[in-house]
Each structure stands twice: as structure tokens, then as C-alpha cells.
**Student:** 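Could you have a look at this structure, given as C-alpha cells, before my questions?
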Amino acid sequence: MRLIIGQVHRNVLALASSRSCFVIGDHLPFRMLSMPRASGFHQTAWRGSQTVKDSGSTLTLASLEVQSKADYVKKERVGPRTGEPKPSSRDSGFSVKPKKVSSLSLKPAKSALPKPPVVKKKLKIDEALFSASSFEELGLPPLLIDRLNKEGLTSPTEVQSASIPVISQRHDAVIQSYTGSGKTLAYLLPILSEIGPLKRAREQGNSEKRSGIEAVVVAPSRELGMQIVREVEKILGPDDKRLVQQLVGGANRSRQEEALKKNKPIIVVGTPGRISEISAAGKLQTHNCRFLVLDEVDQLLSFNYREDMHRILEHVGRKPSTSSSSHILGPLARRSERQTILVSATVPFSVIRAARSWGHDPVLVRAKSVVPLDSITVPRPMLSQGDPNSDSPTMSVNQAAVDSLPPSLEHYYCTTKAHHKVDTLRRCIHALEAETVIAFMNNTKPLKDVVFKLEARGMKAIELHGDLGKLARSTVLKKFKAGEFRVLVTNELSARGLDIPECDLVINLDLPTDSTHYAHRAGRTGRLGRKGTVVSICEESEAFIMRKMRKQLGVAIKPCEFTEGQITVHKEEDVE
Ligand SMILES: Nc1ncnc2c1ncn2[C@@H]1O[C@H](COP(=O)(O)OP(=O)(O)OP(=O)(O)O)[C@@H](O)[C@H]1O
């Protein structure tokens with residue numbers, strides 16, 4: 001066995017000892033790397049006491065012995081003018097349903113009365129995700145475990161159980177696990193075990209004295225960057241939260257530079273542009289840095305970030321493997337200089353290749369497996385059998401999306417004319433009785449129009465895009481998370497990393513450009529094993545794209561329509 005991973009929970013960490021066990025061979029798709037997911041996940045998530053529609057040629061999930069909120073028939077009154085169904089309460093095990101603005105009113109109702117407090121529903125988390133061991137078993141320091149317990153975090157998710165020992169053993173790692181599975185803490189916890197006030201006590205004579213920034217976390221968007229900062233702050237606690245510094249774009253740069261000087265943070269989290277800007281100005285000293293994390297690495301390695309990422313990779317930690325002494329001292333010495341951790345739900349082969357060239361004995365960590373990257377070979381396109389387009393260079397990108405989706409998600413698509421999309425969106429939200437909805441479009445301009453149309457029909461909606469300032473963006477998110485708006489209409493900006501646990505429906509008002517983008521958008525719902533539904537609304541001429549994505553992602557994306565306040569799921573043959 002080439003790698004020693006240390007004391008790890010037996011059921012969780014399956015370290016590949018030979019290439020033949022886990023290799024992605026020419027005929028073995030990428031997904032074969034992982035062990036089977038938590039069983040029964042998908043089906044149990046939908047058990048409820050719903051009435052199921054069963055109608056002749058129409059296939060319902062009940063006929064497949066899977067119950068879904070999509071299937072229950074609701075005896076809803078239909079609005080006299082809009083023909084729109086009235087929302088009814090849902091028997092779904094959710095705690096409380098906040099009252100939404102009636103869909104019958106054509107204009108948003110303005111009332112002089114004080115606003116009733118928004119009661120947010122709680123979506124249930126699937127316990128199968130926590131089949132793994134306790135934080136104690138993973139060897140985290142007691143102080144850190146105390147802090148986690150105070151935050152209500154008592155057991156690690158599967159990907160955390162797999163990652164924490166690997167990172168603690170100083171391996172460079174690529175962490176791949178589906179959206180909402182807890183990847184942020186999967187890398188933050190072992191890092192915070194090694195640096196700062198919560199770190200584990202070192203054996204006598206083995207204490208490394210370090211000062212300055214010890215970890216740099218890079219994320220592609222301000223929102224994701226700030227979300228990671230908040231996670232670190234929560235763990236560090238109020239007295240030590242100054243030890244994490246945000247370096248995101250759009251915020252005041254000189255204030256960030258002052259804070260770096262004054263607070264002497266041990267960890268910085270930021271966007272590539274701002275980190276490299278401050279580094280180039282000589283205000284960010286990262287030579288002693290022990291950890292470099294690239295969150296959403298496949299996006300960070302895209303052309304847009306090339307120059308900034310180049311600088312970051314050159315300046316964070318000492319350059320690996322170039323000095324003659326590091327050659328003499330061997331891989332262990334080089335390894336101590338910087339640990340590189342790459343994270344995403346979608347890992348194309350380009351990331352594996354990059355990780356190999358930056359890392360020392362790097363491993364690929366997934367929820368139930370850890371394999372040396374050396375054992376991974378270029379995957380053959382998934383669609384090679386019988387697909388004439390299978391040699392297209394985009395295939396490796398599509399391949400990356402496999403296993404990126406939470407198993408608790410339901411996927412549908414429906415077709416409509418372009419000018420009826422917003423109407424279909426409204427019908428869909430009512431039929432599924434969704435309360436916290438993220439609707440994605442491809443461009444910024446039409447977002448406002450959609451918001452206007454929804455508001456005009458009494459559905460509280462707000463837009464989020466990159467043209468808004470940093471403050472406006474964070475205000476929008478705060479209000480949406482607080483339940484002040486039912487629909488967030490947004491673009492690709494919100495597709496990655498955004499964690500809004502209450503989100504129960506994602507809608508694609510424009511189809512995503514490929515299955516990787518589909519996966520990240522879809523992953524905004526169904527977080528941490530909660531229920532979630534994804535509906536793509538497209539034109540008839542685009543339906544083939546959905547069928548293609550279904551193949552590429554390896555999930556059922558069922559054709560459906562929304563009529564009379566309910567969803568009707570079709571057999572695929574009905575629409576072909
Ligand atoms: N062990 C745990 N116990 C309870 N909640 C957890 C645990 N770990 C993470 N969470 C919560 O789960 C949610 C999802 O975590 P996170 O955002 O890290 O997922 P992710 O895998 O990075 O998703 P994405 O790929 O979309 O970025 C967050 O709200 C986080 O606070």
C-alpha cells in the first residue's frame with residue numbers, strides 16, 4: 001500500500017491499495033470510482049402521506065412505487081381571472097408553512113398593517129449522510145469539537161469522515177462530493193486543527209512555531225468567499241473571529257489591507273483577483289502558508305482566472321520541488337512546504353492533471369473512497385457507446401458532472417413557448433408548493449423583467465446578479481434567506497457554492513450550458529440530504545438537450561407539465 005492514511009473509520013475510508021481496484025480504465029466510467037451511495041436515500045426522502053394521481057397513459061411516480069410531492073392531487077380552487085391555483089397547505093412533514101402573498105391578486109398587496117413575522121420552514125435532513133463516525137473518532141482537537149457541538153454539529157458527513165484523516169496526514173487532496181454534502185468543513189476542520197487557537201496540542205519538542213497567514217482559501221465568487229468566512233468565524237468563535245480575514249473583490253481594499261496588518265489573521269479567504277492584487281502590492285505575506293485551498297477548483301482553473309491563479313499558486317507557500325534541498329530531502333520535506341487541497345462537486349480530468357503536477361502523492365477523496373491520483377487514467381467519454389458525438393472534447397467536462405448531484409433530488413423538465421415561461425414558472429411553484437425558489441437564467445438583462453412579472457402576479461421575487469454592488473448583493477441574499485422573497489431570480493453567479501438550506505425548488509428558466517452547470521445550479525436545493533426539486537423550463541426545440549443531460553448525468557429527468565395546480569409526469573415515450 002503506497003499511502004498511510006492513519007486511523008480512519010473502517011466503514012468509511014476505503015483506501016485503494018492497487019490500481020486494479022479503483023482505476024478508471026478505458027471502459028470504466030469515472031463514477032465507478034466511488035462506492036454505492038447511502039442506500040434508500042432517494043426513496044425514503046419522499047415518503048409521505050400524499051394522495052397519488054394515477055391516470056391511464058400518464059406515468060406517475062406512484063406507479064414506480066416512489067411517492068413524491070409532485071404526485072399528489074390537490075383540490076384547489078382556481079382563480080377566476082388568472083386561472084391560477086391557490087396554494088394549499090402541504091402534508092409533508094415540514095414544520096410550518098409561511099403564508100405567501102395570494103397569487104390571485106394582480107398587484108403586490110400593500111398593507112399598512114405590520115408585517116407578520118416570517119416563519120421559515122425547516123426541511124428534514126436525511127440521516128443516511130451521517131452514517132459515519134463521530135468527530136472524536138476523527139481525531140479532531142477537543143476544543144474544536146466543543147465549538148462544533150455548540151454550533152449543533154455533532155457528527156461528520158461522509159465526505160468529512162473521508163477527508164479529515166487524509167488532510168491531517170498531510171496529503172495533497174482533491175475532494176469531490178456532491179453539492180451540499182459538507183465539503184467546506186471537510187477541509188476547514190483539519191486545517192483549523194493545525195492552526196490557530198483551536199489546534200491540537202503538539203507533542204513536546206514537536207511544536208512548530210509559525211506566525212502569519214497559515215492558510216489561504218480561494219473561491220470564485222464574493223458570496224461563496226463570504227460564506228466560507230462565516231463558517232470559519234463560527235468555528236473560531238466571537239473572541240477569535242478576527243483571525244480570519246476576507247479578501248473578496250468589491251469590498252474596500254485599503255480596509256482589507258489595514259485589517260491584515262492590525263488583526264494578524266491566520267487564515268484568509270478571498271476571490272482570486274483581490275488576493276493576487278493585494279499580494280502583488282506586497283501587503284499579503286503567504287510564504288509561510290501551510291495550506292492552499294481552491295474551492296470550486298474547476299471554475300478557478302478556467303481561463304478567466306488564469307493570471308490571478310498563477311500568481312497565487314506561485315506565492316502561497318514555498319514553491320514545491322524546485323530547490324535542490326527539497327530534492328535531497330525527498331517528498332516528505334517538500335510536502336511540508338504547502339498542502340494543496342482542491343475542492344468541487346465536479347472534477348474534470350484537467351483538475352486531476354493539475355493536482356498531480358502541483359501535489360505530492362495527491363489523493364482523490366470522495367464520500368466513500370480515497371484513491372491515489374496516480375491510479376486515475378483519462379476517462380473515456382461516457383457516451384461512447386452508440387453516440388456519434390462521443391469524441392467531442394467537451395465530453396470530459398460532462399464526465400465531471402457524474403456523481404455531483406445529491407441523490408435526494410427530483411428532476412423534471414417541461415416545454416412551453418418562450419413567452420409563456422414566466423407563467424409556467426408560477427404554475428410550477430404553486431403546483432409544487434415551493435416556498436424558497438431559485439430561478440436561473442443565462443443573462444443579466446431579462447432578470448428584472450421576470451421579477452417584474454412575478455411581482456405583478458403577487459409573487460414576491462428579487463433579482464441577484466453581478467452588476468449589483470457588493471452591499472446590494474449581500475442585502476438581497478440576506479432578505480431572501482430571511483424568507484422576505486419567495487423567488488430569487490439570478491444567473492450563473494449564484495450557481496456555485498451558495499448554501500440556502502431552505503431552498504426547495506430550483507428552476508432553469510434558461511437551460512444551463514452543459515451538465516456541469518446543470519449540476520451546480522441543481523445543487524442549490526436538496527442540501528445535506530434535504531428534499532429538493534429541479535425543474536427545467538424549455539422550448540420544445542430544446543427538449544433534446546434535457547434528454548442528453550439526463551444521459552450525461554445519469555439521473556432521471558422526467559418530462560412533465562403543470563396544469564390545474566398539479567404536476568403531471570409523462571412517460572418519456574409520450575414526448576418523443
Ligand atoms: N457535519 C455537519 N452536520 C450538520 N450540518 C453540516 C455538517 N457539515 C456541513 N453542514 C452544513 O451543510 C450545508 C452544506 O455544506 P457545504 O456548503 O459545505 O456543502 P458543499 O458540499 O460545499 O456544497 P457545494 O458543492 O454546493 O458547494 C451547510 O449549511 C453546512 O453548514
Side-chain angles (χ1 to χ4, degrees), residues 9 12 120 122-138 140 144-145 147-164 174-192 217-221 223-235 269 293-300 341-347 365-367 400-401 403-409 436 438 477 481 492-503 506 516-530 532 534:
H9 193 276
V12 175
K120 300 230 70 184
K122 283 233 187 290
L123 293 172
K124 265 170 73 183
I125 297 175
D126 194 306
E127 284 171 13
L129 257 176
F130 297 92
S131 58
S133 54
S134 65
F135 286 121
E136 283 84 354
E137 271 181 72
L138 295 170
L140 293 178
L144 183 50
I145 294 172
R147 198 55 59 73
L148 290 171
N149 290 342
K150 274 187 195 137
E151 288 297 327
L153 307 173
T154 49
S155 31
T157 64
E158 287 177 334
V159 71
Q160 290 162 6
S161 292
S163 308
I164 291 170
V174 177
I175 303 175
Q176 191 275 323
S177 169
Y178 53 80
T179 52
S181 56
K183 292 186 289 297
T184 314
L185 289 182
Y187 63 78
L188 282 182
L189 295 182
I191 291 176
L192 292 172
V217 180
V218 190
S221 74
E223 282 71 19
L224 181 54
M226 290 310 296
Q227 194 174 287
I228 298 167
V229 168
R230 282 192 293 272
E231 292 273 297
V232 182
E233 284 178 344
K234 264 197 272 176
I235 300 169
V269 182
V293 180
L294 309 186
D295 202 336
E296 306 295 345
V297 60
D298 49 328
Q299 190 175 2
L300 289 175
I341 300 158
L342 311 179
V343 185
S344 184
T346 49
V347 174
V365 183
R366 308 180 89 201
D403 276 352
S404 55
L405 287 164
S408 55
L409 287 190
T436 308
I438 302 182
L477 268 180
K481 284 182 182 176
E492 224 51 44
L493 173 82
S494 312
R496 287 212 180 220
L498 212 63
D499 183 50
I500 301 175
E502 296 78 16
C503 175
V506 160
T516 298
H517 287 79
Y518 182 95
H520 285 281
R521 286 181 177 189
R524 295 320 99 210
T525 184
R527 313 275 299 162
L528 210 69
R530 294 175 178 91
V534 187

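Order of listing sets the numbers, starting from 1, for every ligand and every atom in it. Bear in mind that the values here come from a model prediction, so they are computed numbers and not experimental data.
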**Student:** Below the 3.5 angstrom mark, is there an N/O of Gly180, backbone or side chain, next to an N/O of ligand 1?
**Tutor:**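 N/O-N/O distance under 3.5 Å: yes.
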**Student:** Can you measure from NE2 (His520) to CG (Asp298) and round to the nearest 0.5 angstrom?
**Tutor:**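 It comes to 5.0 Å.
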**Student:** Which of the listed options, Lys183, Gln227, Lys234, Arg530, holds the heavy atom that is closest to atom 25 (O) of ligand 1?
**Tutor:** Lys183
**Student:** What atoms of ligand 1 come closer than 4.0 angstrom to any heavy atom of Glu231?
**Tutor:** 31 (O)
**Student:** Under 4.0 Å from any heavy atom of Tyr178, which atoms of ligand 1 are there?
**Tutor:**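 This gives 21 (O) as the contact atoms.
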**Student:** Looking only at N/O atoms, are Pro156 and ligand 1 under 3.5 Å apart anywhere?
**Tutor:** no
**Student:** Measure Thr184 to ligand 1 on non-hydrogen atoms and call it side chain, backbone, both or neither using the 4.0 Å cut-off.
**Tutor:** both
**Student:** Below a 4.0 angstrom heavy-atom separation, can you tell me which part of Glu296, side chain or backbone, both or neither, approaches ligand 1?
**Tutor:** side chain
**Student:** Which ligand 1 atoms does Leu153 reach within 4.0 Å, using its non-hydrogen atoms?
**Tutor:** 2 (C), 3 (N), 4 (C), 5 (N), 6 (C), 7 (C)
**Student:** Just let me know how Ser344 lines up against ligand 1, side chain, backbone, both or neither, with a heavy-atom cut-off below 4.0 Å.
**Tutor:** neither
**Student:** Is it true that a side-chain atom of Arg147 and a backbone atom of Ile235 form a donor plus acceptor pair closer than 3.5 Å?
**Tutor:** yes
**Student:** Answer side chain, backbone, both or neither: which part of Asp499 comes under 4.0 Å from ligand 1, heavy atoms only.
**Tutor:**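 For Asp499, the contact with ligand 1 is made by the side chain alone.
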**Student:** Is the closest side-chain heavy-atom distance between Val506 and Leu409 below 4.5 Å?
**Tutor:** no
**Student:** Give the atom numbers and elements of ligand 1 that come within less than 4.0 Å of a heavy atom of Ser155.
**Tutor:**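 Numbered from 1, ligand 1 contributes 1 (N), 2 (C), 3 (N).
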**Student:** Does the Thr525 side chain pair with the main chain of Cys503, one donor and one acceptor, at a distance under 3.5 Å?
**Tutor:**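 It does hold such a pair.
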**Student:** Would you call Arg521 and Glu492 a salt bridge, using N to O less than 4.0 angstrom?
**Tutor:** yes
**Student:** Does the N or O separation between Arg527 and ligand 1 drop below 3.5 Å for any pair?
**Tutor:**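 Between Arg527 and ligand 1 (N or O atoms, distance only) the closest approach is under 3.5 Å.
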**Student:** Looking at non-hydrogen atoms alone, which of Gly182, Gly523, Ser181 comes nearest to atom 15 (O) of ligand 1?
**Tutor:** Gly182
**Student:** Contact between ligand 1 and Ser404 is defined here as a heavy atom of the residue under 4.0 Å from a ligand atom; is it met?
**Tutor:**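 It does not, in that no heavy atom of Ser404 comes within the 4.0 Å cut-off of ligand 1.
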**Student:** At a 4.0 Å threshold, what atoms of ligand 1 neighbour a non-hydrogen atom of Arg524?
**Tutor:**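 Those qualifying, in numeric order: 26 (O).
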**Student:** Taking only residues two or more places apart in sequence, or in another chain, which ones meet Glu233 in a side chain to side chain contact (heavy atoms under 4.5 Å, CB included)?
**Tutor:**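 Scan of Glu233 (side chain to side chain contact (heavy atoms under 4.5 Å, CB included), adjacent residues dropped) gives Val229, Arg230, Lys241, Val244.
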**Student:** Tell me the contacting part of His520 for ligand 1: side chain, backbone, both, or neither, using a 4.0 Å heavy-atom threshold, strictly below.
**Tutor:**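 None of His520 does.
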**Student:** Is there a polar contact, in the sense of an N or O pair closer than 3.5 Å, between Gln160 and ligand 1?
**Tutor:** yes
**Student:** Do Leu188 and Val293 make a side-chain contact, defined as non-hydrogen atoms from C-beta onward lying under 4.5 Å apart?
**Tutor:**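 With C-beta onward as the side chain, the pair stays apart.
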**Student:** Any non-hydrogen side-chain atom of Leu189 less than 4.5 Å from a side-chain atom of Leu148?
**Tutor:** yes
**Student:** Minimum heavy-atom separation for Ile164 and Ala186, please, with both atom names.
**Tutor:**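 Smallest interatomic distance, heavy atoms only, reads CG1-O, 4.1 Å.
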**Student:** Hey, does the side chain of Gln299 reach the backbone of Pro220 with a donor-acceptor pair shorter than 3.5 angstrom?
**Tutor:**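 A pair under 3.5 Å: no.
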**Student:** Is a side-chain N or O of Glu296 found less than 3.5 angstrom from the main chain of Ser344, in a donor-acceptor match?
**Tutor:** no
